[in-house]
Amino acid sequence: MTDDETAPAADTQPISLDLLVILRHPPHGSSWLREGVDVALVAAAFGQAVGLLFQGDGVFALVEGQGAGPLGQKGTHAQLAMLEMYDIERLWVSASALRARGLTLADLALPALALEADEIDHLVHAQPRTLLF
Amino acid sequence: MTDDETAPAADTQPISLDLLVILRHPPHGSSWLREGVDVALVAAAFGQAVGLLFQGDGVFALVEGQGAGPLGQKGTHAQLAMLEMYDIERLWVSASALRARGLTLADLALPALALEADEIDHLVHAQPRTLLF
Amino acid sequence: MMLHLLNRSPQFDGIYWDLSEAFGAEDHLLLIEDACYAALPAAAASLAAFGGRVSVLSEDAASRGLLDRLSDGVTVVDMAGFVALTATFPRSLSWF
Amino acid sequence: MMLHLLNRSPQFDGIYWDLSEAFGAEDHLLLIEDACYAALPAAAASLAAFGGRVSVLSEDAASRGLLDRLSDGVTVVDMAGFVALTATFPRSLSWF
Amino acid sequence: MIDRPYDVLSYALLVHAAPYSEQGALSALRFAQAAVAQGHRVSSVFFYRDGVHNASMLMAPPQDEVHLAEGWRSLAQEHGTELLVCVAAGLRRGLMSAEESARHGREAHNVEPPFVLTGLGQLVDAMLGNDRVITFAP
Amino acid sequence: MIDRPYDVLSYALLVHAAPYSEQGALSALRFAQAAVAQGHRVSSVFFYRDGVHNASMLMAPPQDEVHLAEGWRSLAQEHGTELLVCVAAGLRRGLMSAEESARHGREAHNVEPPFVLTGLGQLVDAMLGNDRVITFAP
């Protein structure tokens with residue numbers, strides 16, 4: 001079912017963070033993604049261990065080559081570049097969401113791990129707190 | 001393709017109104033439907049000939065037996081009762097939207113005509129002005 | 001053990017899919033607002049992934065005229081029952 | 001002859017279906033905002049009903065990083081071209 | 001585009017999209033700017049549903065972001081575009097002119113000219129009185 | 001429900017839904033009322049995204065409709081619930097306290113206690129400091 005680029009990561013099952021933020025909305029068309037990442041950044045700044053799971057159209061947030069909008073409105077690409085600075089290094093993406101959109105991990109601007117459905121189930125249930133945007 | 005209850009109406013092809021309002025949103029969960037019908041009512045009050053086309057979840061607006069919300073918020077059922085008073089008597093519904101939701105014209109609180117896709121195409125293109133809510 | 005809250009109609013099937021990826025064997029799904037329409041028999045496919053562990057909020061189903069039309073497999077809970085579900089399940093996750 | 005404007009991603013396939021019911025033989029579809037994602041080859045099925053009479057707004061595709069990834073059958077227009085389309089087609093209808 | 005192989009047209013825009021939450025309000029402003037740049041007239045913009053929030057004079061986006069209310073005001077000042085805000089949609093959602101504020105016994109208001117609170121009848125007029133009506137939604 | 005076969009819990013609600021446009025804000029208020037009726041504590045409601053408009057004191061819905069801001073105020077007064085409005089989301093969208101209004105050189109404001117403009121850190125605190133966090137969205 002999985003090829004090289006969407007191989008499940010062996011180390012994802014037991015990880016428990018303080019907060020998992022699930023991002024389901026695409027960038028640009030609304031501010032869901034941006035305001036969701038804001039919560040992740042602030043939680044990290046408050047010393048919480050935070051991870052991000054991209055599902056559905058949320059995987060488009062990671063597509064390489066994005067820019068600002070035509071009226072200079074910021075996309076999420078600049079914001080995502082701040083993740084590492086805030087020690088948010090756990091990025092997961094839904095493997096099925098990638099497949100449905102014709103994307104592979106090679107299309108993404110940041111390193112992420114692709115998870116199949118059962119792994120997403122395990123990941124979500126290992127977290128004490130989860131917010132969805 | 002059509003049974004008795006979703007039979008296309010022979011008189012729908014050439015009708016041209018001043019305004020067709022397409023309603024795609026279900027009642028209660030948002031105010032799209034209510035504020036869309038408001039536009040139809042005001043246009044009718046200004047002497048325009050107005051018709052309504054219900055597509056997608058919009059067909060739920062016509063389901064019989066609706067009520068007010070738990071905090072007393074008005075649904076659309078009261079508003080729909082005003083349609084006749086404003087001479088808005090042309091109500092069309094997407095036959096495919098009904099079928100997909102397990103509904104027939106008998107489930108609806110108001111008399112409406114069910115249209116197949118090609119009839120919707122003709123209806124929409126016969127109108128000088130169309131708004132969607 | 002997790003309570004999932006869902007407020008969108010089955011027309012938004014992408015949400016139902018994403019939810020199904022996160023839905024665990026001991027989880028429960030509560031349909032509120034426009035998600036009540038998923039409790040109609042014609043929408044049974046949209047709930048197939050949730051193994052009968054599905055409730056619908058009575059007042060939202062009632063305002064939509066759905067109380068007499070619900071699928072057999074879906075439990076009806078009132079607002080007090082909604083609160084009780086959030087108390088019983090240690091965590092909840094809202095899908096929209 | 002009608003110009004249809006669409007701003008939602010193919011995940012909202014109910015909208016694409018409703019639009020297809022209203023789409024006429026001489027109509028045109030312009031993809032703006034998140035509908036740009038429908039111009040990806042993987043989403044070709046979502047545009048099948050529109051017979052190749054589809055354009056995408058360049059600045060919205062560009063900000064999303066999609067300009068090099070678009071399906072061959074989709075024309076790219078800039079904002080001036082968007083205005084020109086609304087001038088050419090006597091009526092427009094926005095889907096969302 | 002420069003030769004304009006078509007007539008100069010009058011446009012009305014209908015904006016349902018809330019500022020900063022959805023792209024629709026930005027798209028509408030971009031479209032309006034492009035239309036007038038091509039010599040068309042954008043005679044009115046009607047703000048409905050959450051689009052009414054575009055009219056708030058209390059909007060204070062960060063300096064490096066587009067100021068939508070300013071953008072609309074410039075359009076009105078430079079091109080005579082009417083900025084019409086549905087009064088019923090606005091009052092529910094917290095948009096008030098000085099006049100409405102006085103009528104409702106409030107001490108503040110957040111809508112000032114060129115934004116004008118008005119009824120849905122104006123939307124009907126805009127539909128009847130312009131060559132094109134373009135809707136921008138969330 | 002009356003015997004409460006479970007502990008009394010503390011809740012935080014996160015409200016993204018705009019008043020009058022989506023049911024989410026009404027659902028959140030209903031839920032809060034039902035939770036306190038069962039003896040639970042709703043210690044805070046955090047308004048984010050278009051949910052910030054719930055805090056507008058200029059909201060003027062028709063008499064026969066629910067007044068959401070009043071509903072939230074009653075909850076705060078009767079049950080001590082904190083009403084927290086994200087300041088970054090609010091300022092973009094036109095929500096200002098007297099203090100923010102002065103800081104931005106405006107002549108009006110539309111947020112007053114018990115609604116308080118505050119940072120996202122308060123949302124993090126609310127998540128950490130309560131037994132349950134329930135999100136209500138559009």
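Note that the coordinates shown come from a computational prediction; the quantities given were computed from them, not determined experimentally. Only heavy atoms go into these numbers, but all of them, side chains included; no hydrogens, no water, no symmetry mates. Naming convention: chains lettered A, B, ... in sequence-line order (proteins, then strands); numbering from 1 in each chain.
A donor-acceptor contact shorter than 3.5 Å is absent between the side chain of E:R92 and the backbone of F:S21.
Between chain E and the options F:D50, F:N54, F:L68, the largest number of non-hydrogen pairs under 4.5 Å is found for F:D50. Contact tally against chain F (heavy-atom pairs below 4.5 Å) for E:A60, E:S101, E:P61: the top residue is E:A60. Comparing F:H67, F:R106, F:M96 by how many heavy-atom pairs each has under 4.5 Å with chain E, the most go to F:R106.
For a residue to count as touching a neighbouring chain, one of its non-hydrogen atoms must lie under 4.5 Å from one of that chain's; by this rule F:E112 does not touch chain E. For F:E107, no part lies under 4.5 angstrom from a heavy atom of chain E. Neither the backbone nor the side chain of E:E100 has a heavy atom closer than 4.5 Å to any heavy atom of chain F.
Summarising the geometry, atom CG belonging to F:N110 is positioned 9.5 Å from atom CE belonging to E:M57; distances are rounded to the nearest 0.5 Å.
Side-chain contact between E:H53 and F:H53 is present, with at least one heavy-atom pair separated by less than 4.5 Å.
Atom CD of E:E70 has more than 12 heavy atoms from other residues, nucleotides or ligands within 6.0 Å. Heavy-atom contacts from other residues, nucleotides or ligands closer than 6.0 Å to CD of E:E99 number 12 or fewer.
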Exercise. When you look at F:L58 and E:L95, which way does the side chain to side chain contact (heavy atoms under 4.5 Å, CB included) test go after all the steps?
Worked result: CA-CA 7 Å; F:L58 294 183; E:L95 276 287; over 6 Å; no

Exercise. Should E:S56 and F:R93 be marked as a side chain to side chain contact (heavy atoms under 4.5 Å, CB included) after you check the CA-CA gap, both sets of side-chain angles, and the distance that decides it?
Worked result: CA-CA 8 Å; E:S56 175; F:R93 292 169 172 90; over 6 Å; no

